[in-house]
*Asks:* 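Encoded as structure tokens, here's the structure I'll be asking about.
First listed ligand is number 1; within each ligand, the first listed atom is number 1.
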Amino acid sequence: MTKIQYNNVFIQNILNKSLIDKNIQFAILRLDKIHPIISGNKWFKLKYYIADAIEKKIDTIATFGGAYSNHIIATAYACKLNGLKSIGFIRGERNENISATLLQAEAYGMQLEFVSRQTFNHTSIIKEKMIDKNYYRIDEGGYGMNGAKGAAEIFEWIDETYTHIICACGTGTMIGGLIKAAKPHQTIIGISVLKGYDHLFEIKELLSKDEQQKKFLLFNEYHFGGYAKHPKQLIDFMIAIWNDHQLPTDIVYTSKLMYAAFDLAEKDFFPANSKVMVIHSGGLQGNNSLPANTLPF
Ligand SMILES: *Cc1c(COP(=O)(O)O)cnc(C)c1O
């Protein structure tokens with residue numbers, strides 16, 4: 001299997017007066033630096049699926065996603081790197097939906113099949129379009145045990161001096177992996193980017209009974225109106241943390257995560273002497289859907 005290099009990943013310490021006054025350390029794990037396209041958590045979540053497909057000698061990966069999906073573009077790229085074919089079942093019609101993300105996925109060789117929003121449903125797509133086909137199926141967002149197993153490897157950068165680890169939650173696969181790898185004294189915090197959605201069930205499905213006893217919790221109030229919604233307040237915050245810390249974030253996941261991390265610190269959620277690792281899970285390509293010059297980075 002062709003591997004992705006992690007050489008560019010680094011830990012960025014964030015200093016500001018409020019954190020210093022409260023005696024809290026904030027470190028950002030810059031997984032966005034892995035690769036401009038297959039960045040952040042996506043390669044971790046895909047690697048064991050890809051390895052499994054290669055081992056089973058299946059030459060085509062099939063998966064699902066929306067028009068701006070980081071998972072779709074990462075799957076397209078990972079398959080290209082590994083000499084596999086890929087098919088993406090995309091929610092919506094082609095015309096209304098041909099985003100920069102999808103064009104890029106297509107350029108990497110992914111075959112796109114558009115399924116109308118009304119009838120988009122994994123089970124029926126599997127029944128109608130995958131039957132008799134020797135596809136290796138990866139669930140939307142890379143959800144599943146192999147995804148969590150790969151995400152657990154993010155802990156390579158997190159030593160036991162960290163008291164809290166905080167990340168964004170889409171399918172809950174990444175946080176599932178982080179919980180698996182965490183030490184008992186560490187608390188894992190998930191920030192949901194979906195409105196009115198409780199990830200607890202999906203996360204628990206990925207954990208053993210013992211792992212379910214570890215310390216983790218979710219916050220559901222930082223979605224800014226829902227998935228991929230980006231009101232002006234959020235854009236202003238993204239510009240501010242770029243100006244203050246040269247920290248680029250994306251509109252779907254990491255801006256909401258950073259906002260939550262600072263807000264929780266402000267509200268004294270973290271006790272004094274906490275050492276917090278914030279996972280920058282990448283996804284910056286999603287900002288390509290914004291009008292030009294919206295962001296300074
Ligand atoms: C996909 C993605 C997530 C969500 O990860 P899950 O494992 O689905 O919870 C978080 N951040 C970024 C940048 C992503 O692309």
Side-chain angles (χ1 to χ4, degrees), residues 4 9 28-49 63-78 88 99 101 104-105 138-155 165-181 188-194 197-207 216-220 222-224 226-228 230 234 238 247-261 277-289:
I4 300 263
V9 173
I28 316 283
L29 181 59
R30 295 288 305 272
L31 297 179
D32 58 306
K33 289 291 185 183
I34 290 176
H35 187 273
I37 303 295
I38 181 165
S39 75
N41 66 23
K42 291 297 180 281
W43 171 246
F44 294 92
K45 293 202 289 177
L46 285 169
K47 61 193 285 188
Y48 288 108
Y49 294 116
T63 193
F64 313 86
Y68 302 100
S69 167
N70 294 326
H71 166 71
I72 285 288
I73 196 167
T75 304
Y77 188 80
S99 61
T101 307
Q104 194 65 53
I138 302 180
D139 279 345
E140 188 154 358
Y143 178 79
M145 281 299 189
N146 276 330
K149 179 177 165 195
E153 294 179 7
I154 294 173
F155 242 79
I165 294 92
I166 181 165
C167 72
C169 265
T171 64
T173 312
M174 169 168 55
I175 193 171
L178 294 174
I179 295 166
K180 283 176 184 295
I188 312 289
I189 302 156
I191 304 302
S192 177
V193 301
L194 302 164
Y197 188 79
D198 189 347
H199 300 273
L200 225 46
F201 176 79
E202 277 81 6
I203 295 170
K204 284 190 172 163
E205 286 282 293
L206 300 171
L207 301 176
F216 66 94
L217 70 159
L218 291 171
F219 287 94
N220 294 317
Y222 291 106
H223 53 68
F224 281 82
Y227 184 76
H230 47 278
L234 185 69
M238 292 168 75
L247 182 64
T249 51
D250 78 295
I251 53 172
V252 183
Y253 297 100
T254 52
S255 56
K256 296 173 186 183
L257 165 69
M258 294 301 162
Y259 186 94
M277 181 67 96
V278 187
I279 311 291
H280 191 315
S281 41
L284 297 173
Q285 67 86 25
N287 292 343
N288 292 338
S289 66

*Asks:* With heavy atoms only and a cut-off of under 4.0 Å, state how H71 meets ligand 1: side chain, backbone, both or neither.
*Replies:*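 No part of H71 comes within reach of ligand 1.
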*Asks:* Could you tell me whether the side chains of H35 and Y77 share a donor-acceptor contact shorter than 3.5 Å?
*Replies:*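 Per modelled atom types, H35 and Y77 side chains form a pair under 3.5 Å.
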*Asks:* Considering only heavy atoms, which of E140, K42, K256 lies nearest to atom 15 (O) of ligand 1?
*Replies:*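 That would be K42.
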*Asks:* Drop me the distance from K42's NZ to L31's CG, to the nearest 0.5 angstrom.
*Replies:*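 With rounding to 0.5 Å, NZ (K42) is 11.0 Å from CG (L31).
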*Asks:* Taking heavy atoms and a distance under 4.0 Å, where does N41 meet ligand 1: side chain, backbone, both or neither?
*Replies:*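 N41 to ligand 1: side-chain contact only, backbone stays beyond 4.0 Å.
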*Asks:* Output yes when a side-chain donor or acceptor of Y143 lies under 3.5 Å from a complementary backbone atom of G172, and no otherwise.
*Replies:*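 It does not hold such a pair.
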*Asks:* With no hydrogens and no angle check, is any side-chain donor or acceptor of S99 less than 3.5 Å from a backbone partner on A67?
*Replies:*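 Side chain of S99 to backbone of A67: a pair is present.
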*Asks:* Heavy-atom contacts with N70 under 4.0 Å: which atoms of ligand 1 show up? List them by number with element.
*Replies:*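 Heavy-atom distances to N70 below 4.0 Å select 14 (C), 15 (O).
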*Asks:* Could you say whether the N/O atoms of T171 and ligand 1 ever approach to under 3.5 Å?
*Replies:*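 By distance alone, the answer is yes.
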*Asks:* Could an N or O of ligand 1 be found under 3.5 Å from any N or O of G283, whether backbone or side chain?
*Replies:*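 N/O-N/O distance below 3.5 Å does not exist for this pair.
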*Asks:* With heavy atoms of G282 as the reference, note each atom of ligand 1 found under 4.0 Å away.
*Replies:*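 Reading through ligand 1 atom by atom, the close ones are 13 (C).
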*Asks:* Residue-level breakdown please: for S281 versus ligand 1, do any non-hydrogen atoms fall below 4.0 Å on the side chain, on the backbone, on both, or on neither?
*Replies:*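 Within the 4.0 Å criterion, S281 contacts ligand 1 through backbone and side-chain atoms alike.
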*Asks:* Just heavy atoms, cut-off under 4.0 Å: does T173 contact ligand 1 by side chain, backbone, both, or neither?
*Replies:*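 Both parts.
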*Asks:* Under 3.5 Å, is there a donor-acceptor pair between the side chain of Y49 and the main chain of G142?
*Replies:*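 The answer is yes, because a donor-acceptor pair under 3.5 Å joins these two groups.
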*Asks:* Which residue supplies the protein heavy atom nearest to atom 12 (C) of ligand 1, what is that atom called, and how far is it?
*Replies:*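 That would be Y253 CD1, 3.3 Å.
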*Asks:* Could you tell me whether the side chain of K180 and the main chain of L206 form a donor-acceptor pair under 3.5 Å?
*Replies:*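 Yes, because the side chain of K180 sits within donor-acceptor range (under 3.5 Å) of the backbone of L206.
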*Asks:* Given Y259, which of F224, Y253, F219 fulfils the ring-ring contact (aromatic ring centres under 6.0 Å, His included) condition?
*Replies:*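 Of the listed residues F224, Y253, F219, the ring-ring contact (aromatic ring centres under 6.0 Å, His included) partner of Y259 is F224.
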*Asks:* Quick check on K45 - does any of its heavy atoms sit under 4.0 Å from an atom of ligand 1?
*Replies:*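 Heavy atoms of K45 do come under 4.0 Å of ligand 1.
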*Asks:* Looking at C169, which atoms of ligand 1 are within less than 4.0 Å of one of its heavy atoms?
*Replies:*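 Every atom of ligand 1 under 4.0 Å from some heavy atom of C169: 9 (O).
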*Asks:* Can you tell me how far the OG1 atom of T249 sits from the CG atom of L284, to the nearest 0.5 Å?
*Replies:*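 T249 atom OG1 to L284 atom CG measures 7.5 Å (nearest 0.5 Å).
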*Asks:* Compute the shortest N/O to N/O distance between G141 and ligand 1 and return yes if it is under 3.5 Å, no if not.
*Replies:*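 No.
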*Asks:* Are T171 and E202 close enough that a side-chain donor and a side-chain acceptor fall under 3.5 Å?
*Replies:*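 Checked: T171/E202 side chains show no N/O donor-acceptor pair below 3.5 Å.
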